[in-house]
Protein chains: 2
Amino acid sequence: MTIVKDATLHQRILGDIEARIVSGEWPPGHRIPFEVDLAADYNCSRMTANKVLTQLAKSGLIERRKKSGSFVAQPRAQSAVLAIAEIEAEVQSLRLAYSHSVHARTKRRANADDKQRLELSEAASVLDITSIHHAASAPFCLEERLISLATVPEAEAETFAKISPGTWLLKQVPWSAAENRISAVSADASVAGLLDIEKGTACLVIERRTWSPAGPVTSVRLTYPGDRHALVARFAPGGEG
Amino acid sequence: MTIVKDATLHQRILGDIEARIVSGEWPPGHRIPFEVDLAADYNCSRMTANKVLTQLAKSGLIERRKKSGSFVAQPRAQSAVLAIAEIEAEVQSLRLAYSHSVHARTKRRANADDKQRLELSEAASVLDITSIHHAASAPFCLEERLISLATVPEAEAETFAKISPGTWLLKQVPWSAAENRISAVSADASVAGLLDIEKGTACLVIERRTWSPAGPVTSVRLTYPGDRHALVARFAPGGEG
DNA sequence: TTGGCTATAATGTATATACATAATGATCGG
DNA sequence: CCGATCATTATGTATATACATTATAGCCAA
């Protein structure tokens, strides 16, 4: 049984249309009622219908064309929302004790590889931190991070003994853009040693680059033992789900 | 230089606020102007300001509390949008010739494993298809798919010789919910043989389960050689970007 | 037939207004 | 001094209206 919390008109219209699209009653390409007709059907103003259809268009469920009307969209690329949590939160949601240790920490002038990873044009100082996240005292994830000291000079004074670089940066750099690259690699001897796994074990690798308006912030490579970990992304036509 | 297409008032207000949040001028926790004040600043109606703030709240950049006002949100889990394209489109975007071959195709009553993968409660018929996607005649991706014939009986008549199961299903089942699970595994002998890679090579695995209102549709396991492939997900505070 | 003009139909954006809702803060009685 | 009540304030939702924008269709003339 579904409990229907007495919904707003907006939600009701939205839900009705979504249901018809998702059920296949209105297949892709089908023209859905004009705003004025919807307004008449629900005995509401056109603005209300408009807002619903605008939202459906933004979520990709319908396409709107002036003069022609609104049409159910073709479901194309699965666009799923991937929530990449902070590692500490992730570990704690597994009800395991979290800890973090810094394995190496060096400051240097950016070399060619650093420049490419951070998309730096000139030589600048970077901080290179290798650390390990533990869940219940077992290695959970290897973090290899580069921080651009030109953008975040405060990082130089931080040892990251008490707070992980990711969490620290989240507090330092309020909101930023990021690019995540997900791939699979075999653990080499060094990675295997740090994560306490067999050499050659498949690992899930997330490489994330982060920018603020002031410039490149950080580039991080997170290596998870593949047999212990998976990322989950959900997709639902309406949006939340 | 940035070309500014003469934007609507809505976009201008939205952009201004986003810029101030992203730049750190308005840090997390900062109270942003009330709707009426924003309306006064931009010489517009409260409705226009309201729509902008509502959108910012939906995108997670701000939090709104009645009576108190609207506040810049704390950036929490990186929520990135992961676009999982159709394999054929993906290959063609690499400017490579696409082809697809079915390696095995069997119909059977669902066994225990099938039931778990499709979340079936009763025994029902399923179609099990193993196929390989090629890019420029080299194996690109291994697809192991289970289709619930109770939900999609039409699949039984289809050989999938000319059209891949994914593409076919996309046409059959208009809109549906999905769960994607991304992990890393080492190729076993069988997978290595089919993908023409060394045994033990790390592979990126996407397991996707799809539901329609009529029930479970399909469960597919896509295995990509990890050294040739990566998924990219982007995150930008505003939304599109 | 063809090219271009125009009317029209649908969406896109914005306004002014109204009332509902919810949380805060102040007032007042015990 | 505590606690209930009530006014205030900011957001939430919806309406009616206006005008802009744009793609389509139809008309008319060269």
Side-chain angles (χ1 to χ4, degrees), chain A residues 3-21 26 28-74 238-240, chain B residues 3-21 26 28-74 238-240:
Chain A
I3 309 268
V4 179
K5 279 177 69 174
D6 94 306
T8 63
L9 185 51
H10 181 96
Q11 293 170 305
R12 236 181 55 225
I13 305 176
L14 189 75
D16 288 358
I17 296 177
E18 275 179 9
R20 275 189 261 226
I21 293 176
W26 289 350
H30 180 268
R31 191 172 73 197
I32 75 179
F34 299 129
E35 292 185 353
V36 284
D37 297 336
L38 267 181
D41 290 352
Y42 285 92
N43 194 31
C44 68
S45 75
R46 181 171 79 90
M47 272 307 297
T48 303
N50 175 290
K51 281 206 248 179
V52 172
L53 295 189
T54 300
Q55 186 175 330
L56 283 167
K58 249 193 287 196
S59 75
L61 216 57
I62 69 170
E63 268 177 34
R64 314 201 68 191
R65 285 197 289 280
K66 289 190 182 181
K67 169 76 182 181
S68 309
S70 303
F71 302 83
V72 177
Q74 299 289 335
E240 39 263 84
Chain B
I3 309 271
V4 177
K5 279 177 73 174
D6 95 306
T8 64
L9 186 49
H10 181 94
Q11 294 171 305
R12 236 181 57 224
I13 304 175
L14 188 76
D16 287 358
I17 296 177
E18 276 180 7
R20 275 190 261 226
I21 294 176
W26 289 351
H30 180 268
R31 190 171 75 199
I32 76 180
F34 298 130
E35 292 184 352
V36 282
D37 297 337
L38 266 182
D41 289 353
Y42 285 91
N43 193 32
C44 67
S45 77
R46 182 170 81 89
M47 271 307 297
T48 302
N50 175 290
K51 280 205 249 177
V52 171
L53 295 188
T54 300
Q55 186 174 330
L56 283 167
K58 249 192 289 194
S59 75
L61 216 57
I62 69 170
E63 269 177 32
R64 314 200 69 190
R65 286 197 289 279
K66 289 187 182 182
K67 169 77 183 179
S68 308
S70 304
F71 302 83
V72 177
Q74 298 290 336
E240 42 261 83

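Here is how names work: the chains are called A, B, and so on, in the same order as the sequence lines, proteins then strands, and each is numbered from 1. All values derive from a computational prediction rather than experimental measurement.
Distance from the side chain of B:K67 is smallest to D:dT9 among D:dA14, D:dT17, D:dT9. Minimum atom distance to the side chain of A:T48 is reached by D:dT15, of the listed C:dA14, D:dG12, D:dT15. Closest approach to the A:M47 side chain among D:dA14, D:dG12, D:dT17 is made by D:dT17 (side chain taken as heavy atoms from C-beta onward). With D:dT11, C:dA10, C:dA16 as the candidates, the nucleotide lying closest to the side chain of B:F34 is D:dT11.
The nearest pair of heavy atoms linking A:Q55 to A:L14 is NE2-CD2, 3.7 Å. Nearest heavy atoms, B:C44 versus B:T48: SG-CB, 4.0 Å. Scanning all heavy atoms of the two residues, the minimum distance from A:A73 to A:P28 falls at O-CB, 3.6 Å. Residue A:P33 comes nearest to A:L53 through the heavy atom pair O-CD1, 4.3 Å, listed as atom of the first residue, atom of the second, then distance.
One can place NZ of B:K58 at 11 Å from P of D:dG12, the figure rounded to the nearest angstrom. Between B:N50 atom CG and D:dT11 atom C1' the separation is 7 Å, expressed in whole Å. In this structure, B:H10 atom NE2 and D:dT21 atom C1' are separated by 17 Å, rounded to whole Å. Following rounding to the nearest Å, A:L38 (CG) and C:dA10 (P) show an atom-to-atom distance of 13 Å. A straight line from CD1 of B:I32 to P of D:dA10 spans 14 Å, rounded to a whole angstrom. Residue A:Q55 contributes atom CD, which lies 14 Å from atom P of D:dG12 at whole-angstrom precision. If you take CG of B:D37 and P of D:dA10, they are 8 Å apart, rounded to a whole angstrom. When the P atom of D:dG12 is taken as reference, atom CG of A:L9 falls 18 Å away, rounded to whole Å.
How far CZ of A:R31 is from CZ of A:R65: 10.0 Å, rounded to the nearest 0.5 Å.
Both A:R64 and B:S45 lie close to DNA chain C; mapped to their nearest nucleotides by heavy-atom distance, the more 5′-ward contact belongs to A:R64. In this structure, A:R46 and A:Y42 both approach DNA chain D, and ranking their closest nucleotides by distance from the 5' end singles out A:Y42. Both A:C44 and B:L53 lie close to DNA chain D; mapped to their nearest nucleotides by heavy-atom distance, the more 5′-ward contact belongs to B:L53.
Between A:S70 and the phosphate of C:dT11, there is a side-chain N or O to OP1/OP2 separation shorter than 4.0 Å. Contact between the side-chain N/O atoms of B:T8 and the OP1/OP2 oxygens of C:dG12 is not found at any separation under 4.0 Å. One finds no side-chain N or O of A:R65 lying less than 4.0 angstrom from the OP1 or OP2 phosphate oxygen of D:dA23.
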